[in-house]
Amino acid sequence: MKKFVCILMSLILISSIFAGCVKQEDLKSDIVLITNGNTVNDNGYNQSAWDGINTFAQDNSMTCTYFQPVLEDNKITTENVEKYVELAVDNDAQFIVFPGEDFAVCTYEIAPLYPDVKFILLDAVPHSAEDNIDRYIANVMSVTFDALQSGYLAGYTAVASGNTELGFFAENNSKYSANYGAGFVQGAAYAADSMGIPVTVDWAEYDSPFSSYNYDFTITACYEPIADQKEKTFVVNVVDGIGSGTYTEGSNITITANPAPEGQVFDKWVVKSDTDGVKDKKVNISSKSESSMNLLVEKCDCTITATYKDIEGDYNNVTVMGKDGTTVQETFSVPSGSDTEVTAPVAEHNMIFDHWDCEQDIDVSSLSDKTMTIKNVTSDIVLIPVFKQAETPTFNINVVTGEGGNGESYGNGSYIAGDIVDVSAAIPEDGYMFSHWQTTDAYGNSANISMENEYYWNTTFEMVDRYASICETMFNNGVTTIFTGGNSKEESAFTAKGSYDCELNIITAGANNGNAYFTIIKSYEEAVKDALEDFKGGSLIVADCKSEGIYSTFGWPEDKPGMNDEYEKIYSDLADGKIQLVHTQGGQGDVFCQYFNDEKLSKCLTLNGWFITNPNMAVPTDLSADEIVTE
């Protein structure tokens, strides 16, 4: 019976790996690549690794295949990967290749179970799930890529191709980011000194413990005098609901009734025209029976009143407590046996919603849903929202009322990227009408929020990745090219670039990025061939210029004759060790910046580390150069 189960599992796995008919003997291979869930034609790391495996197998009369796992929640898990490892081992695999950091924990947990199989981990070193400490395992060969040399090629090329105001968007928490930056600065400095031109590099770590960069922003409800309006305006008065205001003809506004009193439910809207000669039926609403509906403002003032009726039969009260857990946020009555939806209050700064506490037995799919539906309400229910300190970065919003507004505007709170934020403006003072929303960050720049309707008093938007604001600040200060080597938030730079019409550049490192100015490629192809050629368990090799494990996609233009030859010489000198580079331990960008400036390592390049010189940043007081070494 056990044998039958194993065969069945293998067939299930086989069907998930390949499309079409597959014979069991086709799986027998000397070398197996397990992808990160993508195909081997992804124009990225999987394809690069597969090309190297194929070339090596053909040159050495070996067989190879790949398995493409079906991911769980788009994540690589040890449990999932181990099924494919077992399948590979059962089919005589000698080598199993894992591409990337996603497999670091899997390798640590799986490789010791198969001591006779040789594992190659590309661009990572095994470590446990509990920490990020490198572990060396007897049957695992790890490959990393020289971040210093990659950065040097990026910095040299950036300056030699005509850029003089550069930025480095760094990650303190990365083991490699600081060395990418150190190489970038030194390559740019070499080009600047050789050409005799002044160059600046702004170095900013979005998560530096020394940085006090303020990611929060303010949203202001803006108003304007009605007298200044060129178009004809009309007054909408909403009784027992929201939506009152002065609007121009043709405006499409949402009218929403207030929560019903206890024991009642919304009944209907009563509509009255307030303009002489215009009948009530000319007030154009989308529905009289929906508690939230649309009004198309036409040629009349109007009053729209929400009315309520008693609930027929039994009902129960559902109470949502406030964020403090003690005050009542909202109470509403629900006919017994009916369903209702509840939403948690907005979190306090740097907190996020975690779950609901409820002493009553309720029918819901999950108490961890910020907005959840309670089914078949048959008793009174009290729901207490529980919040926790955010592990995912949160961004704080302050919603304020501008001149001409009367009262408090709403939407203040702490949000994570992807949250839908609802903002509401205070009602206007007499003689004013709502105009638009304005966003401003702590440094006077736009927060680049895309609202559903920035000209409507009540609107929503999706919270964006605010780390882009660092790159936006760089661009605003004149930087034309930003390098993102080693930063997992690389996409933030592209988000910032998308906010500008002018030509700005992003330099990346890793897989070829078609949206980048150029990329310093990590060649998994060359790295895996080297590891297969000379496998040494328990060791780490570094792919660099000498092994042709890194290279640039930049193509020198025809108006710069000789620059390609100069680049080739730089590349050769790096490969031969003629260029000695200063490096620093991962995450110690502040130390490198201080060291570079103190030692005056360049005549023409000025390095501005935001955590050192930027007036908006905190200045560290206990820097040392103990971690700085020369290769």
**All side chain to side chain contact (heavy atoms under 4.5 Å, CB included) counterparts of Ala516, not counting sequence neighbours** = Phe494, Thr508, Asn513, Thr519

**Request:** Sort out for me which residue in Phe169, Tyr443, Tyr206 forms a ring-ring contact (aromatic ring centres under 6.0 Å, His included) with Tyr213.
**Result:** Tyr443

**Message:** Tell me whether the count of non-hydrogen atoms from other residues, nucleotides or ligands lying under 6.0 Å of NZ in Lys268 goes above 12.
**Reply:** no

**Message:** I'd like to know if Lys489 pairs up with Glu171 as an ion pair, taking the criterion as any Lys NZ or Arg NE/NH1/NH2 lying under 4.0 Å from an Asp or Glu carboxylate oxygen.
**Reply:** no

**Within-4.5 Å side-chain heavy-atom neighbours: Leu383 and Val342** = yes

**Request:** Would you mind reporting whether Tyr247 and Val236 have side-chain heavy atoms less than 4.5 Å apart?
**Result:** yes

**Asked** Do Asn294 and Leu296 come close enough that some side-chain heavy atom pair is under 4.5 Å?
**Response** no

**Request:** List the atom of Pro225, the atom of Tyr432, and the distance in Å for their closest heavy-atom pair.
**Result:** N-CD2, 3.7 Å

**Request:** Please determine which of Tyr84, Phe67, Phe103, Tyr66 meets the ring-ring contact (aromatic ring centres under 6.0 Å, His included) test together with Phe98.
**Result:** Phe103

**Prompt:** Under a 4.0 Å N-O cut-off, is there an ion pair linking Lys375 with Asp363?
**Reply:** no

**side chain to side chain contact (heavy atoms under 4.5 Å, CB included) involving Tyr455 - partner list, sequence neighbours excluded** = His436, Asn453

Can I get a per-line list of side-chain donor-acceptor pairs under 3.5 Å for residues 275-285, giving both atom names and the distance, sequence neighbours left out?
from: Thr275; atom 1: OG1; to: Asp301; atom 2: N; distance (Å): 2.7
from: Asp280; atom 1: OD1; to: Ser273; atom 2: N; distance (Å): 2.8
from: Asn284; atom 1: ND2; to: Glu298; atom 2: OE2; distance (Å): 2.9

**Item:** Neighbour count above 12 (heavy atom, 6.0 Å) for Asp430 CG
**Value:** no

**Gln389 CD: over 12 foreign heavy atoms closer than 6.0 Å** = yes

